[in-house]
Amino acid sequence: MAVGEIFIGAFITVLFEKLASADLIRLARSAGIYSELNKWNNTLSQIQAVLVDAGHKHITQRSVQGWLHKLQHLAYDIDDVLDDLATEAMRRQSKEECNASTRTGTGTSKVLTMIPSCCTSFTPHTIMYGRKMSSKLDEITTKLHALVEEKNILGLINNVEKSNRASRRLEETSLVDVSRIVGRQGDKEALLEKLLETGSYSQNVSVVSIVGLGGIGKTTLAQVMYNDKKVKDHFELMAWVCVSDEFDVFNISKAIFQAIIGEVTDFANLNLLQVALEEKLSKKRFLVVLDDVWNENYNEWELLQRPFAVGAPGSKIIVTTRKTTVASVMDSVQAYHLEGLSNEEAISLFAQHALGKRNFDSHSSLKIHGEGIIKKCGGLPLALIALGRVLRKKTNDEEWEELLNSEIWNLHDEGKILPALRLSYYDLPPHLKQMFAYCCLFPKDYLFDRDELVLLWMAEGFLYDSNGSKSMESLGRECFEELVSRSFFHHSSNDDLRFKMHDLINDLAMSVAGEFFMTLDGKMDFFLKNEALGNCHHFSFLHQKYGTYSKFKSLERARRLRTFLALSVRVLYSWQRLSLSNKVLSEVLPQLQFLRVLNLANYSIKEVPGSIGRLKHLRYLNFSKTYITCLPEQVGDLYNLQSLLLSGCHLLSNLPNNCVKLLNLRHLDISNTPQLKEMPLGIGRLTNLQTLSKIIIGGANGLKISELRSLQHLQGQLCIQGLHEVINAVDAKEANLKQRKGLHDLEMEWSDVFGDSRDEISEFEVLEELRPYDKLRSLNISYYMGVKFPSWVGNPSFVCLTHLRFHGCKRCTYLPTLGHLQSLRKLFIESMNGLKRLGPELFGPINSCHGTAFESLEVLEFKDMQGWEIWSTNGDDKDQTAKLFPCLREISIINCPKLVVVAVEPIPSLRVLHIQECSAVVLSSMVGVSSSIIELSMKNIKGLTQLRREVLEHLGTVENLFIIGCDELRYLWESESHACKFLVSLLDLRVKSCKNLVSLGEKELNLGIALKLVKVELHNCPRLKNYVCPNNIENLVIHSCSSLTSEIFPTVQDRPSTLKILNVCYLGNMEEISLLNNFLSSLESLSISRVLNFHSFPQGCLVHLTKLTICGCDNIESIPDKGYGFLPLLCLRYLEINKCRNLKSFPHDHLQSLTSLEELWVRDCPNMDYSFPSTLWPPNLKILTIGGLKKPMSEWGMQNFPTSLVKLCLHGKNSGVVPFAKPQDVRNITSFHLPSTLTYLQIHGFAELESVSKGLEHLMILEELAIWSCPKLDDLPETLLPSLSHLWVKYCPKLESKCRGRKGKYWPIISQIPYLHID
């Protein structure tokens, strides 16, 4: 690991800056330690002088590597001490200010205020503090001197010139074997088009750059084009130069000249050379390839290209580079970013080098491992070739599997992968190296948010700016963009606002970060055994469902830890509950005194202990999406805190008053905290704030909007709540929002109570003074009481506004002109009850909007408009018509009951239309505005009795049709043949809660087979009597259609079956489901629930089932052993037989043959054959839910459960007295033996069960235990409790009394369980 190259240079530079701090020097002098700190400057200067030499030598000399490691650890220690001193200085300053304020307020003796602070600083505390720090400084000084002596012994040399690259890339030539090139045809064609065009550019010579990650294939692609016949015929002169390390204008010019004339010529100077080169290039169409360029100096490029200007039009220069900045410097007309190979191309390339073949057809046993290795390479050709060569002589499965499961960088034969990628890393300046190495804390496939990463870099001290010329955040964003430009990050294909890191780049970060960083992906056993924790300074781990105390206790050994980062690869939803033991917060974290970053977002934490205030180095604190209601006042002692993130804390009701002491706070994110109704007074003191996502204006004694005046650096999102408390517009003017140029998203919210105390004129004046900066992107105005909006709302000067929402402005009678907002993409108008008519005034004068209104609008929604009656886009001037909504793709009109006139001009771009709780007039008018609608949903449409011809004729392009809650519908259409004529594109039909629907078509009931539908859902249509599904149906769901009695499947099947999913539920009156064997032969998932008259299955037809559910079918007595996935070696993965009260048998003797079955439910079938359960189970079963059978559980005896079983749910109904067997009672046939492989156990409804203390003690890996409805149960397995992650006790009165409160017998043991639920 190149320690010297990673951290030391940047680290020591920052240490020098801190040692020069005036506040620190002042404190050091008062503490009597200044002379010691001054010595550090000299010693560190001696060490800094040899770092470049050490960076060169450490690769081959282990002694130098060890010296650098010791230096890095000591640098961390020095930084911690300096941070301690700086924090003490802030504490004293804060105390002095507080005392001064108190003296001023109480009239304290003027004599005290006249005494200088330097004379009052010698308190017992300061004296003790000085002594304590002096001993720490002595220890560090001794270590520094030892390092200086050691560097002398090692012979490290001062001020060695730094090499641009640690190792030089092998020089590439223009020659290539095209027959061995895989893929890139599309890239080649795109670039050839650029190369061969001649008249598109103003200059004779243009630059085409190929940009991409090291090893992505830039040079190879350039070689392919260079040797293409079309290229050779097109250009008169051609030259190839491998530039690589140094951009030497003379040598590059000489190489080009020699390539053109074909002989070696010497020149005395550059001038003679360029004159000769210009003569050769004059009026000739030439192609020059500059391969592997790193130069970012424009002057050098300008000098090199001077002779090129005389070339003939169409001359080209191809540049291959890893950096977009290089392409920009070299005036590239357009950088061509090269991506990885497709999966098919990657397979072909890898197989070619590993097997000498183009695919795995002749090596099927190696295919699964090969595909895994290929995925690791992420489409990087260099890695695919190198690993393919590694496996060239390895032909057995085990060797391939070993490679798949290993880290690529650990291979001795890694080839050129790591060196190739390290080139990009070595080219980074020192400060970017440590930022890149820090990214090793994030798992592969992590979606990086730029601003999130910048806050972490800032907290770690990577963004230290000595002259303060720009904010740390701006510096961080520049650094991130630099890493993007060098291909260390790339935009996510699924989220334009987030970034990803190539897997091999992530591995590179891990490789260079070394022992100072530790990341865990859930392999906690490794963590517990790891002995390197003492060296670890940065720690991250993937979120787990449960975080137990025992898993984190080992962190107490990492006393110098700076980073504690909980991460998730995927977005976590609110229902994904993650639990963390309280003891982690109360006992582990207080031991980590040097923490700077603490992220515990997404855990179900309810309380934050006051000990958090002792983490005085903390700069980043994230409790977002937790269950906390408040923070302790001790948070105000975190003087260094920069970022306090509480977004999505739905229960948070107040902030600590002391948070106004956090003068270094820059980011306070309290977005999405609905219970937070007030804020501490004095928030305006936090003048460094850049993020304040919400501010709540109080009443007479509350927070004033004028406090925003001092928060001059606010940016991003701001929600101002409680604007009804602002009475005077002068106060609103003082907020000076117009000068907050960094604000992008602004919400303004008044009270939703429109009482007599509010004044519409005053609110208009307030809103008028709250005009934001005109580069705003999103604006939301809620519950404003004025009858009109100020002129700035909708003003075309807001050229960046993309989102606009008016909500609950009930007194407004008209909307402002909005059609001129040229960037507006989404417009939401909600609950504006005073608005009756919406007409052309919304668009504005035609000339003002250049003939187009709402030129960028994509989404338009009207919702809960109780008074709205007319919507017309037709103006009075018939001669002048603006083009309206050219980009509008989605319209929603929801709950507008009085809207009766809709006169909207055609909107050809419309694709999605939602109409809800409106009249049928609105529906019929809106479907006619576009002939390109793909999705149409209608819900609770008043007066809709049928989709008549005038509606259907506009639905020719509709693919998804959703009809919900239309109770006046008896038939969807006149006839099915009529529907088939118009609904030619319909694929997905869903009809729900249409209480009076009798049939889809009024006539020709069986012609549904002609529709092209592939998915149909019919829900809660109680009067629906018949339905016949189409032949090509793939997914059919029929739920709660109790009157359905006729056949639902075709009686004649003349084509192969396509049905894959069938779900029927609550069909009470259906006499029998006719399961036509041929029609159902393709089924993969079958669910039959609450079909009371369902009696039997046919045999042998359902041979493709992966999921089968039979629930609440009381009249079925048996399931045949042929078909339904019970044939041996078939694909059934999930089987549920539940609450079938008369079911006597199912082919349980075939269970052992179901090798794919992973989850099995058999419960509440009281007449099940006494032979079940036997001792035969599916060999790969993971989850079993069982109980409520005829055979009492007390008679089951020893069960031969497979070792794969990890989750067991036992239902004790009709179980008899069931003692759970002790580990030593394996032969006791009267006891039930639990398998030791369980991680989850649920015991439910055992009325006679009294004890589990011994019968569960052998479940050593059990993580979750749920015990319900066991009224006599009186104990728990004490030996297991400390390792549990989840304990749920419900309806067990005796046991609950021992688990509740601090007096409960089990409370001291179970209180540390992360998720504890005692009802």
Side-chain angles (χ1 to χ4, degrees), residues 449-452 454-455 469-478 480-481 484 491 495-498 666-669 671 687-695 705 707-721 723 732-749 766-782 784 789-807 815-829 843-844 848-850 852-860 887:
D449 179 278
R450 182 195 64 181
D451 294 337
E452 172 194 46
V454 166
L455 293 189
S469 59
K470 60 181 66 174
S471 71
M472 290 186 285
E473 292 82 357
S474 296
L475 181 61
R477 289 190 287 270
E478 287 180 11
F480 185 87
E481 294 304 326
V484 172
H491 279 281
D495 188 343
D496 290 339
L497 299 178
R498 292 180 181 267
R666 306 169 73 87
H667 302 276
L668 176 58
D669 188 354
S671 59
T687 55
N688 287 312
L689 274 180
Q690 296 190 20
T691 299
L692 179 62
S693 50
K694 179 164 70 175
I695 187 169
I705 193 172
E707 291 212 38
L708 285 173
R709 174 181 51 203
S710 57
L711 304 180
Q712 299 181 11
H713 305 295
L714 286 184
Q715 54 188 264
Q717 175 188 358
L718 174 63
C719 174
I720 308 174
Q721 295 182 350
L723 280 170
K733 186 176 182 178
E734 287 187 10
N736 202 11
L737 288 185
K738 194 172 183 179
Q739 295 304 314
R740 303 296 181 265
K741 297 182 179 182
L743 283 180
H744 298 147
D745 302 343
L746 179 62
E747 296 182 34
M748 301 178 180
E749 184 177 318
V766 167
L767 182 57
E768 189 170 39
E769 296 296 346
L770 290 176
R771 174 173 179 154
Y773 183 55
D774 55 16
K775 294 299 187 290
L776 198 71
R777 297 175 189 169
S778 175
L779 176 64
N780 186 337
I781 300 176
S782 298
Y784 166 65
F789 291 93
S791 59
W792 67 262
V793 179
N795 192 294
S797 63
F798 287 85
V799 294
C800 298
L801 195 67
T802 60
H803 292 66
L804 180 58
R805 180 174 180 255
F806 301 103
H807 175 72
L815 288 173
T817 297
L818 303 174
H820 303 162
L821 295 169
Q822 63 188 50
S823 299
L824 190 65
R825 292 193 293 112
K826 295 184 179 181
L827 175 60
F828 302 92
I829 303 170
F843 313 127
S848 300
C849 52
H850 309 290
T852 302
F854 293 105
E855 60 184 88
S856 301
L857 195 68
E858 298 175 0
V859 177
L860 175 61
C887 299

| Is it the case that Ser778 and Asn780 place a side-chain donor and acceptor less than 3.5 Å from each other? | no
| request: Output, in order, the C-alpha distance, side-chain angles, deciding distance and verdict of side-chain contact (heavy atoms from CB on, under 4.5 Å) for Leu767 and Phe789. | output: CA-CA 8 Å; Leu767 182 57; Phe789 291 93; 4.0 Å; yes
| message | So that I can tick it off, tell me whether Lys694 and Glu747 are bridged by a salt bridge, with the cut-off set at under 4.0 angstrom between side-chain N and carboxylate O. | response | no
| request: For a side chain to side chain contact (heavy atoms under 4.5 Å, CB included) with Leu801, tell me which candidate from Leu779, Asp774, Leu818 qualifies. | output: Leu779
| task | Look only at the side chain of Arg740 and the backbone of Leu708, and say whether a donor-acceptor pair between them is shorter than 3.5 Å. | result | yes
| said: Taking side-chain hydrogen bond (donor to acceptor under 3.5 Å, both in side chains) as the criterion, tell me which of His713, Gln712, Gln715 meets it with Gln690. | reply: Gln715
| task | For the pair His807 and Glu749, evaluate side-chain contact (heavy atoms from CB on, under 4.5 Å) and give the outcome as yes or no after the intermediate values. | result | CA-CA 9 Å; His807 175 72; Glu749 184 177 318; over 6 Å; no
| task | Return yes when atom CZ of Arg777 has more than 12 non-hydrogen atoms of other residues, nucleotides or ligands closer than 6.0 Å, and no otherwise. | result | no
| note | Paired with Leu824, the side chain to side chain contact (heavy atoms under 4.5 Å, CB included) test is passed by just one of Val859, Leu860, Leu804, namely Leu804
| Side-chain (Ser823) to main-chain (Val799) donor-acceptor, under 3.5 angstrom | yes
| Less than 6.0 Å separating the ring centroids of Phe806 and Tyr784? | no
| What's the shortest heavy-atom distance between Leu689 and His667, and which atoms? | CD2-N, 3.9 Å
| query | What orientation do Trp792 and Phe798 show, parallel under 30°, tilted 30 to 60°, or perpendicular over 60°? | reply | tilted
